[in-house]
Colleague: 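Below you'll find the structure I mean.
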Amino acid sequence: MIKFFLIVNKQGQTRLSRYYECVEVQKRTLLESEVIKLCLSRSKDQCSFIEYKDFKLVYRQYAALFIVVGIDESENEMAVFELIHNFVEVLDKYFSRVSELDIMFNLDKVHIILDEMVLNGCAVETNKTRILAPLLVLDKVGDS
């Protein structure tokens, strides 16, 4: 099961965080700072899977952004690694070459995309067309 999903820039600023189990706000900030330091300090040659406390971290770097997913022991790391890539492909498809600014100024849309893909910590959809369908309907309603 996925415990949390983070998007972080190279400066260590969290751009998106989604937790799938209850964590107090103070513990979230401590957890995020430790996880971010851990991922940012690793070189590109090192493995993208890290064992951390009672869960595993799967991360992937795209330009200036890191996407970090915390998972429990039962989750498949490679499946989550591919889920991260699929998430970025969906963002690219919707935003036409997604950037950090797209995420910052359209956080609600990024959350909708993530919610279409992950439900209660489980990946439920990977088809890009189906993931984007509700967002495209919202865009049409907003335009009219």
Side-chain angles (χ1 to χ4, degrees), residues 1-128 130-139 141-142:
M1 185 176 131
I2 296 173
K3 294 183 174 227
F4 60 84
F5 198 100
L6 303 173
I7 299 180
V8 181
N9 67 11
K10 282 186 176 179
Q11 289 76 37
Q13 299 166 321
T14 303
R15 295 301 179 202
L16 175 137
S17 66
R18 167 75 74 180
Y19 288 82
Y20 296 100
E21 54 184 34
C22 187
V23 180
E24 293 175 23
V25 175
Q26 293 171 341
K27 289 183 180 179
R28 283 183 186 192
T29 41
L30 182 64
L31 173 75
E32 285 178 24
S33 65
E34 290 176 1
V35 164
I36 291 165
K37 283 179 193 172
L38 197 59
C39 292
L40 291 177
S41 66
R42 295 173 65 89
S43 72
K44 289 186 178 185
D45 298 333
Q46 289 180 299
C47 181
S48 294
F49 310 139
I50 306 168
E51 292 202 16
Y52 176 76
K53 293 189 178 180
D54 61 335
F55 52 89
K56 300 178 207 171
L57 301 174
V58 179
Y59 73 95
R60 209 159 176 171
Q61 182 180 0
Y62 292 92
L65 292 175
F66 283 82
I67 300 178
V68 184
V69 180
I71 58 173
D72 63 15
E73 295 293 323
S74 65
E75 193 71 41
N76 182 336
E77 295 98 336
M78 285 304 291
V80 174
F81 194 69
E82 285 303 311
L83 179 73
I84 293 170
H85 186 68
N86 192 44
F87 175 68
V88 172
E89 285 181 336
V90 172
L91 291 176
D92 270 342
K93 187 173 180 179
Y94 183 75
F95 291 110
S96 305
R97 301 282 302 149
V98 69
S99 68
E100 184 176 351
L101 291 175
D102 291 325
I103 292 170
M104 288 171 57
F105 294 121
N106 298 289
L107 196 57
D108 55 336
K109 293 179 181 182
V110 177
H111 274 282
I112 290 171
I113 291 170
L114 186 57
D115 289 344
E116 288 294 317
M117 295 180 73
V118 180
L119 179 67
N120 292 331
C122 297
V124 292
E125 185 63 72
T126 57
N127 183 299
K128 294 175 189 76
R130 285 193 209 136
I131 293 167
L132 289 175
L135 209 51
L136 297 174
V137 168
L138 284 173
D139 287 347
V141 169

Colleague: My understanding is that only residues two or more places apart in sequence, or in another chain, count here; which of them pass salt bridge (Lys or Arg N to Asp or Glu O under 4.0 Å) with R15?
Modeller: E100
Colleague: Kindly state each residue pair satisfying ring pair (Phe, Tyr, Trp, His ring centres under 6.0 Å) with at least one member in residues 30-52, sequence neighbours excluded.
Modeller: F49-F81, Y52-F55
Colleague: Distance from D115 atom CG to L135 atom CG, nearest 0.5 Å?
Modeller: 11.0 Å
Colleague: Would you say that K3 contacts D54 through its side chain, given a criterion of any heavy-atom pair below 4.5 Å between the two side chains?
Modeller: yes
Colleague: Return the CE to CD1 distance between M1 and I71, rounded to the nearest 0.5 Å.
Modeller: 11.5 Å
Colleague: Which residue pairs pass the side-chain hydrogen bond (donor to acceptor under 3.5 Å, both in side chains) test with at least one member in residues 19-30, sequence neighbours excluded?
Modeller: Y19-E32
Colleague: Just grab all the side-chain hydrogen bond (donor to acceptor under 3.5 Å, both in side chains) pairs involving residues 68-83, residues at least two apart or on different chains.
Modeller: K56-E77, D72-S74
Colleague: With sequence neighbours left out, what residues match K93 under side chain to side chain contact (heavy atoms under 4.5 Å, CB included)?
Modeller: K128, T129, L132
Colleague: Measure across G70 and L57 and return the closest heavy-atom pair with its distance rounded to 0.1 Å.
Modeller: CA-CD2, 4.2 Å
Colleague: Would you give me the side-chain donor-acceptor pairs under 3.5 Å for residues 61-69, sequence neighbours excluded?
Modeller:
unit_1 : atom_1 : unit_2 : atom_2 : d
Q61    : NE2    : A63    : O      : 3.0
Y62    : OH     : R60    : NE     : 3.1
Y62    : OH     : H85    : ND1    : 2.9

Colleague: Please report, to 0.1 Å, the donor-acceptor pairs under 3.5 Å made by any side chain of residues 103-110, with sequence neighbours excluded.
Modeller:
unit_1 : atom_1 : unit_2 : atom_2 : d
N106   : ND2    : D102   : O      : 3.1
K109   : NZ     : Y94    : OH     : 3.3

Colleague: Could you work out, with salt bridge (Lys or Arg N to Asp or Glu O under 4.0 Å) as the rule, every residue matching D92, not counting sequence neighbours?
Modeller: none
Colleague: Got a second to check how far E116's CD is from T126's OG1, nearest 0.5 Å?
Modeller: 12.5 Å
Colleague: Taking atom CD1 of I131 and atom CG of L136, what is their separation to the nearest 0.5 Å?
Modeller: 11.5 Å
Colleague: Looking only at heavy atoms, what is the nearest atom pair of V90 and I113, with distance?
Modeller: CG1-CG2, 3.6 Å
Colleague: Please list all pairs meeting side-chain hydrogen bond (donor to acceptor under 3.5 Å, both in side chains) that have one or both residues in residues 37-48, counting only residues at least two apart or in different chains.
Modeller: R42-Y59
Colleague: Going by heavy atoms in the side chains, are L83 and V58 under 4.5 Å from each other?
Modeller: no
Colleague: Which distance, rounded to the nearest 0.5 Å, do you find between the CD1 of I36 and the CG of L38?
Modeller: 11.0 Å
